[in-house]
Amino acid sequence: MSAQAPGKPGPKKPGLALWLPLMLFAGFVVLVIYGLSRNANTDVVSAFIGKPLPAFDLPPASDDRPGLATADFTKGKPRLLNVFASWCVPCAVEAPQLAALAAKGVEIDGVAIRDRKQDLAQFLAQNGNPFARIGRDDLSQVQLAIGSSGVPETFVIDGRGVIRYQHIGDIRPEDVPIILRKLAEAGA
Amino acid sequence: MKRLWLAIMALLAAALCSPPLAAQDLLPPAPYAYKQIADPALEAKAQTLMLTLRCLKCQSQSIADSDAPMAGDMRHQVRTRIAAGEDPEAIRVWLIERYGDYVSYTPQLKPITWPLFAAPLIILVLAALLLRGRFRRSKAAA
Amino acid sequence: MIAELGLAMLWIAAALAALQLVAGCLALTPKGGLFMGLVRPVAIAQGVLVAGAFAALIWLFLSTDLSVKLVAGNSHAAKPWIFKLAATWGNHEGSMLMWVTIMSIGGGVVALVEKRLREETLVATLAGQAFVSLGFYAFLLLASNPFQRLPEPAAEGQGLNPLLQDIGLAFHPPTLYVGYVGLSIAFSFAIGALVTRDVGPAFARAMRPWVLGAWIFLTLGITAGSYWAYYTLGWGGWWFWDPVENASLMPWLAATALLHSCSVLASRGALKAWTVMLGVVAFSMSMVGTFLVRSGILTSVHAFAVDPTRGSFILALLAIYIGGALTLFALRANTVTEGARFSFVSREASLVFNNVMLCGILGIVLIGTLYPLLTEAMGVKVSVGPPYFNPVSAFFAIPMFLIMAVGPLLRWRDDKAARITWAVAVPAFLAAAALLGIVIFAPAVSVLSALGLALAPALALASLMPLRGRNLRRTPLPIYGGVLAHLGIAVALFGMASESAFSTEKLAAMNPGDVQQVGPYAITLKGIDPVAGPNWTALEATLAASYEGAAPIILRPQARTFSNPPGNRTESALSTRWNGQLYLVLGEEAADGRWQMRLWWKPFAPLIWYGGVLIALGGLLALVGRVARDVKRLVATDKIAFRRTAQGR
């Protein structure tokens with residue numbers, strides 16, 4: 001019943017114009033039924049999938065792992081890039097899944113968002129450390145550069161440094177096979 | 001869990017964009033999150049842009065209206081780039097490349113948005129069609 | 001006992017609504033004369049019973065009866081009475097009961113006082129009203145019973161979320177709500193008139209006070225909501241084109257258009273089908289707005305009582321009522337005779353243009369609000385925000401302002417443009433001069449702000465023009481009402497344009513003793529201290545603000561932390577002068593121990609809300625004037641009738 005459909009009958013053929021408000025209203029109803037039935041999904045998907053990683057070079061976030069740069073992703077083998085933080089609860093929840101992936105030989109690099117060294121060390125001591133390298137992103141610069149909108153998010157990067165897949169939110173056990181498949185596809 | 005979240009949301013009529021206390025990072029805000037560019041003209045440019053960029057962690061707020069740490073980092077990014085002489089629209093394009101049109105409150109003109117921009121004209125045309133021949137000739141003018 | 005009584009009254013009222021609908025329908029059949037007399041008393045009884053049920057719920061909240069689930073879930077014995085009262089409608093069930101209450105009391109009052117309409121039309125109206133309320137009774141009694149008892153009384157109430165414990169909650173939602181639901185009476189009138197094909201001046205006169213009343217409440221509700229968001233959100237913004245804000249603006253726009261087309265129909269018998277259409281659209285927009293807000297279908301900063309299941313229920317009601325009304329319209333509007341015609345230069349024509357522009361804004365607000373949902377259905381997420389809404393609504397609003405300046409000066413039916421040349425030339429000259437001044441002295445001001453700043457004073461002057469040459473003591477109140485409402489628009493427009501063009505913002509990290517200049521104010525940070533409230537603790541900054549060297553005033557913005565449930569809220573500190581507002585917010589402690597402060601000077605910003613209040617006052621004057629005249633007429637006819645019966649004896 002949009003307003004641009006006034007009901008004033010035209011002088012010649014008023015019939016159709018009079019049904020216009022009802023038709024517009026029907027369109028509205030269809031639209032909102034779609035809106036109610038969709039999964040209320042507030043995830044913002046990265047538009048950078050399929051593009052090469054932008055250039056970055058992050059300093060190390062912890063004492064026992066090196067920092068992270070774009071060059072680390074162009075060595076021919078697909079890797080996971082995990083965007084996380086010690087202050088994020090779902091990041092602790094997904095730790096066993098990351099450990100399981102690492103146990104299967106998947107190489108995982110971390111980007112720690114807005115984190116302090118001591119907090120991160122405690123987090124890794126508590127939840128395990130599946131990371132080969134951890135870059136320190138205090139200003140969310142790399143996060144913004146790859147189109148990630150929260151923590152945790154996990155990206156599959158192929159051997160040439162191209163982003164292949166994005167997983168938003170914590171990795172549940174049922175997500176592990178999907179990520180393994182995506183890694184295999186990226187390696188092919 | 002979902003229901004619980006909705007129940008919480010129901011109570012936050014004027015909810016601030018603050019994540020739960022447990023998940024707050026302890027790092028201080030980015031240098032330019034709460035600091036203006038020294039040059040007022042550049043700051044005005046940055047402010048205009050920030051008001052039209054959507055905070056990705058909030059319900060429905062621009063990055064200029066949000067206390068979310070990520071919004072602060074985005075403000076930092078915008079201010080440092082504008083201070084370095086970058087064009088505001090180039091920054092918008094850079095963000096759209098990464099987050100899609102969702103990140104910009106200014107709809108971009110493309111096939112999927114043209115009805116939005118045509119809407120005012122369509123409304124005017126409809127009104128003109130409905131009003132056509134509705135007025136009688138003025139006696140006063142005759 | 002009170003809860004059971006309330007529930008019983010609600011069920012009986014629902015049964016009466018069903019009776020009202022059936023009797024109304026039967027009364028309109030050829031042999032239905034018998035039922036004609038039944039409808040009015042039933043409508044009155046229904047209104048009384050629902051009012052009783054609502055009073056029972058208020059009583060339960062004021063006495064904190066914790067055996068009632070709704071009270072235990074939303075109230076607390078140790079709250080000030082005003083928040084206990086506000087908690088009655090600060091939740092889904094209570095607000096739905098309030099909805100039905102306003103609707104049924106409205107119906108009862110119509111049944112009691114309306115004497116101008118043909119009896120058939122009135123009966124059809126009341127049947128329509130019963131039909132609409134039945135759906136909401138069903139929603140209330142079957143899916144959201146406010147009087148439900150707990151198996152065991154709760155030991156203590158859960159309290160109202162501290163974020164909502166603000167005087168804004170006591171005022172803003174019920175005001176907006178009365179406006180939303182008040183439009184249902186206009187909707188019922190439109191249905192009644194369509195059913196009996198009786199669309200004429202009497203219909204417009206009967207409907208007008210209800211539209212006016214609802215519109216006053218909508219105006220106040222939107223104004224209050226905007227100010228509430230402005231001081232609570234802590235970033236100095238007062239309108240974000242957020243879906244929930246748009247949901248309240250759309251019924252207002254439709255009601256404003258309806259108000260103006262009503263006056264054409266009442267005075268000249270023209271715009272018949274159009275007015276009926278707007279009567280349907282206005283309440284439809286209320287329901288659409290409620291649906292958008294409650295279903296959570298669009299994300300918003302001001303989310304309230306979000307629940308998709310309830311959303312489906314509201315959608316079903318919406319589809320039945322709006323769909324039904326629009327079908328009835330499509331079938332009947334053809335047979336509504338065309339009203340009196342008018343020339344291009346006439347009061348009617350100006351009101352038609354005003355309607356087109358208002359509906360244009362309504363259309364783009366609706367399209368812009370729903371567009372992200374539409375593109376999402378096609379797999380693309382977009383955002384539509386101020387950079388779209390501001391210029392596109394100005395595209396319609398600016399021509400509307402120009403017509404607003406001219407329209408009230410024109411005569412009905414036919415007029416000569418030359419007759420009002422001078423009354424238009426003076427404001428036009430003022431606007432041109434102002435625009436030139438802005439271009440020369442403030443070239444940095446954006447196009448929209450410049451147009452607003454230039455148009456506002458001209459519009460203010462033009463709004464007073466209808467009083468020119470009138471005997472001010474004999475001018476009817478509705479004329480004053482129109483003048484005041486148009487003046488309010490000009491005042492608010494000036495506030496908006498000035499706020500957007502001249503606000504200065506200062507973000508600063510301050511140590512105690514530091515001084516910052518924002519606009520004409522020098523702000524000194526005196527200190528930061530912890531303070532404690534009943535259910536919160538806060539850091540409070542003490543700031544001395546000196547206006548151009550005058551003696552400083554002390555302002556205390558706070559950063560509050562609530563414990564149960566946990567949450568943070570900034571309490572901004574405001575200082576209002578005639579020429580603007582100072583707005584201070586305390587941020588976090590920076591790494592070096594200094595405090596983040598956000599300081600704004602907003603020249604003439606309060607005019608935005610003063611303007612809103614003026615608009616509502618204008619509406620009130622018009623309403624008082626109209627109702628007083630109706631009452632006088634009513635008393636006079638009653639006297640005649642009384643004399644006749646007395647003489648007859």
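Source: prediction; values computed, not measured. In what follows, every chain begins at residue 1, and chains take the letters A, B, ... in the order their sequences are listed.
One finds the CG atom of B/Asp67 at 10.0 Å from the CG atom of C/Leu233 (value rounded to the nearest 0.5 Å). Considering CG of B/Leu51 and OG of C/Ser500, their distance stands at 10.0 Å, rounded to 0.5 Å. Distance check: B/Ile123 CD1 to C/Ile367 CD1 gives 4.5 Å after rounding to the nearest 0.5 Å. Within the model, atoms CD of B/Glu43 and CG of C/Leu507 stand 6.5 Å from one another, a figure rounded to the nearest 0.5 Å. Here B/Ile122 contributes atom CD1 and C/Ile364 contributes atom CD1; the two are 13.0 Å apart, rounded to the nearest 0.5 Å.
In terms of modelled atom types and a separation under 3.5 Å, the side chain of C/Ser383 and the main chain of B/Tyr102 share a donor-acceptor contact. Between the side chain of B/Tyr34 and the backbone N or O of C/Glu588, no donor-acceptor pair lies under 3.5 Å. Looking only at distances, a side-chain donor or acceptor of B/Gln36 sits under 3.5 Å from a matching main-chain atom of C/Glu505.
Note: B/Ile112 leads B/Ile112, B/Thr52, B/Leu124 in heavy-atom pairs under 4.5 Å with chain C. Comparing B/Ala41, B/Ala64, B/Ser62, B/Ala44 by how many heavy-atom pairs each has under 4.5 Å with chain C, the most go to B/Ala64. Contact count against chain C (heavy-atom pairs under 4.5 Å) is highest for B/Ser104 among B/Pro40, B/Ala119, B/Ser104, B/Gly100.
With contacts defined as side-chain heavy-atom distances shorter than 4.5 Å, the pair C/Phe395/B/Leu121 qualifies. Contact check for C/Phe396 versus B/Pro120: side-chain heavy atoms found under the 4.5 Å cut-off.
With a threshold of 4.5 angstrom between heavy atoms, C/Val356 approaches chain B through side-chain atoms but not through N, CA, C or O. Heavy atoms of C/Val392 lying under 4.5 Å from chain B belong exclusively to its side chain. Looking at C/Arg598, the atoms closer than 4.5 Å to chain B (heavy atoms on both sides) all sit in the side chain, from C-beta outward. Contacts between C/Met597 and chain B at a heavy-atom distance below 4.5 Å are absent for every atom of the residue. With a 4.5 angstrom heavy-atom cutoff, C/Pro243 touches chain B only via side-chain atoms.
Summarising the geometry of C/Asp242 relative to B/Ser60, their closest heavy-atom pair is OD2-OG, 3.0 Å, with the distance given to 0.1 Å. C/Trp235 and B/Asp65 make their closest contact through CD1-O, 3.2 Å (heavy atoms, listed as atom of the first residue, atom of the second, distance). Across all their heavy atoms, B/Thr106 and C/Pro387 have their closest contact at OG1-CG, 3.1 Å.
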